[in-house]
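Notes follow once the structure below has been shown.
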Amino acid sequence: MSSLGHHLQGSLSAVGRAISVLKNSTQLGKDGGQQQTTNQDAADVCAGEDDDKQEVFQSQVTNMDTSARSKVDLVLQWVKTNLLLALTIGGVLVGVLVGFLGRLARFSDESIMLVSFPGEILMRLLKMFILPLIISSLVSGMAQLDARSSGRMGSRALLYYITTTILAAIVGIFMVLVIHPGDPSIKTHVEGGSTDTKVSTLDAILDIVRNLFPDNLMQACFQQVQTTYKKVHKPLVFHEPNSSDDSSVFILKPQLVYKDGTNVMGMIVFCLAFGLLAGQMGAKAKLMVDFFVVLNDIVMKLVGVVMWYSPFGILCLIAGKIMSIENLAATAQQLGLYMITVILGLLVHALVTLPGIYYAFTRKNPAVFFQGMLQAWVTALGTASSAATLPITFRCLEENNKIDARVTRFVVAVGATVNMDGTALYEAVAAIFIAQMNGIPLGIGEVITVSLTATLASVGAASIPSAALITMLLVLSALGLPTSDISLLFAVDWLLDRLRTSINVLGDAYGAGIVYHLSKDELDRMDAERIVDAAESGLAVGVKASETADCISQPIPAGSSETQM
């Protein structure tokens, strides 16, 4: 037993020594591992600092690349979204460049005609849509309005037209009086022809009223009435002595003649009345209203197809026009100050007057609104016709600026004929310029006469290229100025016509935005009432149908007859 105890005691002591050895080795391993871990962590921190610096540098480079790439992507995205607008602006710029390069080549008249031919095709295509677009848009737009809403909308639009046109004429008068571009020496350097024509303010007013009520709608599609004076033999009076003076033998007698050009004002009046009456007839006229709505949609789709051809057509129009001008440098030298006066006046009206009025009524950013109208503005700049730009104006207002189609089809269609801000400004400047050139001082009464007659003449001006030169006869005749001096302005009218037409289109667009803002609550209320009426009529039809079904499904009592039922 003692030997066994000694043996067990020796074994336990050996196990204790082994456990202590294991503890010591474990502690040493831990200390070494901690030291190794600490060294590794220090190395990792140093390496991490270097990695952070490298990552910061790489992130900066990446951010620079990303920002540059994002800007490029934004530009590419804008071009992709507004491809037609970008192509149109490019067409204008390239057309100017090609035109001036073509002047150096001194092309023949036949070559210039071939250069301008694609642009002529564009103008013919756009003018082809004017009549069906005005008819369909006005009838469909008015049919969706009641008489009260259309009356309020019309009064607001008319007040806007009158206000902006008078303001444009005042801006033009202020600019021409301050700059004073007229110089009597211009007449000795620039040759002018004779355009002596008797024009009366009363005749102009009566012609406007006559064209409002055409006696033949088919003729109004391609002709309008105008008062002219014709020399006729003076009736013989026996008690008067004979005279060899030609003025006593002939007299000027007024007569009505029909000249080429669509009577847009007459068509507008008829379509307004037609559309309003069709809308008041309700379901009975629904088929007719649907016809004009679908016609308008078809014409707009055709316009959308033609618009992809417009950049090339505008390029050719501008290039051919620049090539065809003779003595461009001499003309710019003599009439440069006059051109600057008109351009500055148009800029003031486009950048101050119109946006100021728009912001005062809507409290919205006019720059955003103009951005949506950029396509129509550039098209007017290239075609010099507000009527030809009419379909593009509709699209820009309805698609880009989200203006109600009922407003655009009324305000813009009428405004393309009546609202001519740029034309009123141009005619006021031109009239006073001719007075300055002839050394004729104008008092405050004559200046007021210029403002009023320029406004009236702009209303009667056709929405076609260079129409202001014709209506300017009215302004000059009211002031007693020589009408033959109008021919002096022919040389620069090609450029100023495009600029004032673009301002005309811009004025119509801002007017549509203002009228829509003022009429929005009425239009929303009208839509809500129509929805309620449609729901009530549908419910009534459903109730009537259910009552009929119940009557049919009821069994006939025995012994009863149809007479008893």
Side-chain angles (χ1 to χ4, degrees), residues 166 168-204 228-229 246-247 252 325-346 348 420 422-458 460-461 466-497 499-500:
I166 293 178
I170 292 174
V171 169
I173 292 172
F174 176 78
M175 297 299 295
V176 73
L177 291 178
V178 171
I179 299 176
H180 200 283
D183 186 0
S185 63
I186 296 177
K187 293 187 69 173
T188 62
H189 293 88
V190 183
E191 296 182 357
S194 177
T195 57
D196 291 330
T197 305
K198 179 177 174 58
V199 178
S200 168
T201 305
L202 178 61
D203 291 334
T228 60
Y229 286 85
D246 184 69
S247 61
L252 291 175
I325 301 172
E326 297 181 3
N327 299 325
L328 183 62
T331 303
Q333 184 179 0
Q334 297 297 328
L335 299 175
L337 198 56
Y338 163 73
M339 296 171 63
I340 291 174
T341 304
V342 176
I343 293 172
L344 286 178
L346 293 174
V348 169
M420 299 280 189
T423 302
L425 188 149
Y426 171 81
E427 291 180 347
V429 172
I432 298 180
F433 169 74
I434 290 177
Q436 294 173 351
M437 193 170 55
N438 287 278
I440 301 174
L442 297 178
I444 185 64
E446 286 83 359
V447 171
I448 295 175
T449 302
V450 169
S451 176
L452 295 178
T453 52
T455 303
L456 175 64
S458 68
S466 299
L469 289 176
I470 301 172
T471 56
M472 200 185 299
L473 293 170
L474 179 63
V475 184
L476 297 180
S477 299
L479 295 174
L481 297 175
T483 57
S484 59
D485 291 342
I486 293 178
S487 58
L488 303 177
L489 309 179
F490 284 169
V492 296
D493 187 69
W494 67 275
L495 175 62
L496 301 179
D497 188 20
L499 296 175
R500 65 175 180 261

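This one's a predicted model, so the numbers in the text were calculated from it and none came from an experiment. Here, residue 1 is the first one in the sequence, and each next residue gets the next number.
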Side-chain heavy-atom pair D493, R500 within 4.5 angstrom cut-off: yes

Heavy-atom closest contact (S451 atom, I170 atom, distance): OG-CG1, 4.3 Å

Student check: side-chain heavy atoms of L337 and F433 closer than 4.5 Å: no

Gap separating the CE atom of M420 from the CG atom of L425, nearest 0.5 angstrom: 14.0 Å

From L335 atom CG to L495 atom CG, the distance as rounded to the nearest 0.5 Å: 12.0 Å

I434 backbone acceptor or donor facing N438 side chain under 3.5 Å: yes

CG-CH2 distance between L499 and W494, expressed to the nearest 0.5 angstrom: 9.0 Å

Side-chain donor-acceptor contacts of residues 440-450 below 3.5 Å, not counting sequence neighbours, with atom names and distances?
residue	atom	partner	partner atom	Å
E446	OE1	G443	N	2.9
T449	OG1	G445	O	2.8

I343 vs L496 side-chain heavy atoms within contact, under 4.5 Å: yes

Distance, nearest 0.5 Å, that separates CE of M175 from CG of L344: 4.5 Å

Q436 (side chain) donor-acceptor with V176 (main chain) under 3.5 angstrom: yes

I179 side chain near Y338 side chain, heavy-atom distance below 4.5 Å: no

Side chains of I432 and I173 in contact at under 4.5 Å (non-hydrogen atoms): yes

Nearest heavy atoms of A424 and A454, plus distance in Å: O-CB, 3.7 Å

